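Below: the structure, in structure tokens.
All residue numbers in this chain count up from 1 along the given sequence. The structure displayed is predicted, hence computed values, not measured ones. Counting convention: from 1, in listed order, for ligands and their atoms alike.
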Amino acid sequence: MKFIVYNVRDDEIPFVQKWGKDHGVEVAYTTTTLNQETVEEANGFDGISCLQTIPYSQELFESMKSMGIKYLSLRNVGVDNIDLAAAKENDVQITNVPAYSPQSIAEFAVMMALYLSRKVGYMQKQLDQNHQFHFSPYFMGRLMSEQTVGIIGTGRIGQEAIKLFKGLGSNVIAYDKYPQKTTNGQFVYVNDIEELLTQSDIISIHMPATEDNYHQFNHEVFEKMKDTALLINTARGSIVKTDDLLFALQSGEIAGAGIDTIENESADLQDSRSTKQVTDPDVIKLSMMPNVLITPHSAFHTSEAVRNMIDISLSNLVSLNNGDKPKDLVD
Ligand code: NAD
Ligand code: COI
């Protein structure tokens with residue numbers, strides 16, 4: 001049995017090496033992004049571990065089939081970028097890692113909410129752009145205990161976020177298309193999404209990207225939100241229409257945004273050795289706003305998450321190779 005890990009970052013390599021040694025399995029790695037051409041590097045391997053936000057296309061699965069590679073093990077949660085029908089047609093089995101560390105993403109969402117609520121962006125701007133270091137009326141923030149937080153998606157990450165916001169004293173309301181049976185007295189489900197949009201001071205999105213929530217946060221929705229509201233998106237970029245977000249921030253329809261995931265993420269995003277400067281005009285515009293915190297899809301990135309992503313994805317490849325049905329099979 002031998003595997004290859006694509007899109008590897010330097011911080012993942014020690015975990016890959018340790019897993020290989022502990023399990024007596026040969027594991028190669030490459031910084032290359034996986035596509036129908038680069039899959040050639042996987043020739044002779046029994047399975048691929050991968051982590052990327054750009055599409056896994058029909059052509060990739062056709063190439064995998066022609067090379068006799070049957071297993072693709074994702075190191076991440078989201079499966080929105082995979083042509084699942086093409087994978088099935090080409091007999092490629094896929095696994096993901098549904099819970100490598102939900103706390104990592106939840107904590108990041110809370111960090112974004114605190115950064116925006118306490119106006120840290122304004123403080124940074126004063127120092128970075130004007131080289132000044134003094135009080136300002138723009139720095140007056142709001143306590144988390146005075147705010148209503150609306151969580152959209154009460155799955156693994158959403159539930160961790162609820163615990164953290166509750167710990168800070170916030171009033172938490174939530175919406176989920178498929179609500180949990182119990183809320184443990186921690187939050188209240190609203191009757192419909194409209195209620196969450198109009199009542200929340202902070203909205204944090206924790207649902208997967210699907211066809212039905214594509215651009216769900218658009219001009220119409222921003223108009224319904226409080227003009228003092230903050231939007232946090234650590235889920236997927238496609239859920240928020242960036243043009244409309246920019247307008248909402250510029251026109252004062254909402255007060256701020258924490259954006260870890262933005263639509264149309266390119267392969268460059270994951271090139272952790274890159275020295276290229278950012279060219280995406282939306283990222284540049286958002287990065288210049290003091291009421292915005294924009295980060296390169298890095299909410300996941302803690303040592304606990306990285307270890308679990310590697311260990312679980314490689315163990316899933318072993319299960320697939322042994323003909324077992326891994327619990328993380330994506331169908
Ligand atoms: P999960 O499956 O445990 O929970 C998702 C919840 O969303 C479920 O309760 C589901 O019922 C609900 N949901 C689905 N569609 C919905 C809709 N249209 N409206 C409202 N609710 C809906 O998933 P999770 O582990 O909590 O992860 C959520 C998402 O976070 C992932 O799908 C992924 O896109 C994203 N994510 C981002 C990062 C990052 O680094 N930024 C890391 C991991 C995951
Ligand atoms: C996920 O796990 O779904 C993420 O968004 C993390 C990312 C590195 C792909």
Just checking, is any N or O donor in the side chain of [X] or [Y] under 3.5 Å from an acceptor N or O on the other one?
X: T33; Y: Q52; value: no
X: Q180; Y: Y189; value: no
X: H215; Y: E263; value: yes
X: Q147; Y: S117; value: yes

Could you tell me whether some N/O pair between [X] and ligand 1 is separated by less than 3.5 angstrom?
X: D260; value: yes
X: T210; value: no
X: T234; value: yes
X: D176; value: yes
X: F300; value: yes
X: I157; value: yes

Where ligand 1 meets [X] - atom numbers and elements under 4.0 angstrom, heavy-atom basis:
X: Y175; answer: 19 (N), 20 (C)
X: D212; answer: 18 (N)
X: M207; answer: 7 (O), 13 (N), 16 (C), 17 (C), 18 (N), 19 (N), 20 (C), 21 (N), 22 (C), 29 (C)
X: T154; answer: 9 (O)
X: I105; answer: 38 (C), 42 (C), 43 (C)
X: H297; answer: 39 (C), 40 (O), 41 (N)

Quick one: look up the protein heavy atom nearest [atom] and list residue, atom name and how far away it is.
atom: atom 20 (C) of ligand 1; answer: K177 N, 3.4 Å
atom: atom 2 (O) of ligand 1; answer: R156 NH1, 3.9 Å
atom: atom 4 (O) of ligand 1; answer: G155 CA, 3.2 Å
atom: atom 31 (C) of ligand 1; answer: V77 CG1, 4.0 Å
atom: atom 35 (C) of ligand 1; answer: A235 O, 3.6 Å

Inset, instruction - Please report the closest heavy-atom contact between E37 and N35, naming both atoms and the distance. - result: N-OD1, 2.9 Å
Legend entry - Q58 versus D83, closest heavy-atom pair with distance: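 Closest approach of Q58 to D83: CB-OD2, 3.8 Å.
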Legend entry - Contact with ligand 1 for Y100, non-hydrogen, under 4.0 angstrom: yes
Inset, instruction - Give a yes/no on ligand 1: does A209 have at least one heavy atom closer than 4.0 angstrom to it? - result: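 Not so, A209 does not reach ligand 1.
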Inset, instruction - Please check if atom CZ in R142 has more than 12 non-hydrogen atoms from other residues, nucleotides or ligands closer than 6.0 Å. - result: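 Enclosed.
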With a 4.0 Å cut-off on N to O distance, would you call [X] and [Y] a salt bridge?
X: K70; Y: D91; value: no
X: D271; Y: K276; value: no
X: K65; Y: E62; value: no

Does only the side chain of [X] get under 4.0 Å from ligand 1, or the backbone, or both, or neither? Count heavy atoms.
X: R236; result: side chain
X: H206; result: backbone
X: N76; result: neither

Inset, instruction - Evaluate the ring planes of F247 and H219, with Trp represented by its six-membered ring, and classify them as parallel (under 30°), tilted (30 to 60°) or perpendicular (over 60°). - result: perpendicular
Legend entry - From A305, S104, P208, S298 - option closest to atom 32 (O) of ligand 1 by heavy atom: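 Result: the heavy atom closest to atom 32 (O) of ligand 1 is in P208.
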Legend entry - E195 vs I173 side-chain heavy atoms within contact, under 4.5 Å: no
Legend entry - Within-4.5 Å side-chain heavy-atom neighbours: M64 and I48: yes
Legend entry - From E160 atom CD to S101 atom OG, the distance as rounded to the nearest 0.5 Å: 8.5 Å
Inset, instruction - Measure the spacing between CD of Q216 and CD1 of I193 and express it to the nearest 0.5 Å. - result: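 Answer rounded to 0.5 Å: 5.0 Å.
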Inset, instruction - Tell me the residues surrounding ligand 2, counting only those with a heavy atom closer than 4.0 angstrom, sorted by chain and number. - result: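 The 4.0 Å shell around ligand 2 contains L51, T53, N76, V77, G78, Y100, R236, H297, F300.
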Legend entry - V110 reachable from F300 in the ILVMFWY side-chain graph, under 4.5 Å edges: no
Legend entry - Flag, side chain of Q93 to backbone of Y71, donor-acceptor distance under 3.5 Å: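 No, because the side chain of Q93 does not come within donor-acceptor range (under 3.5 Å) of the backbone of Y71.
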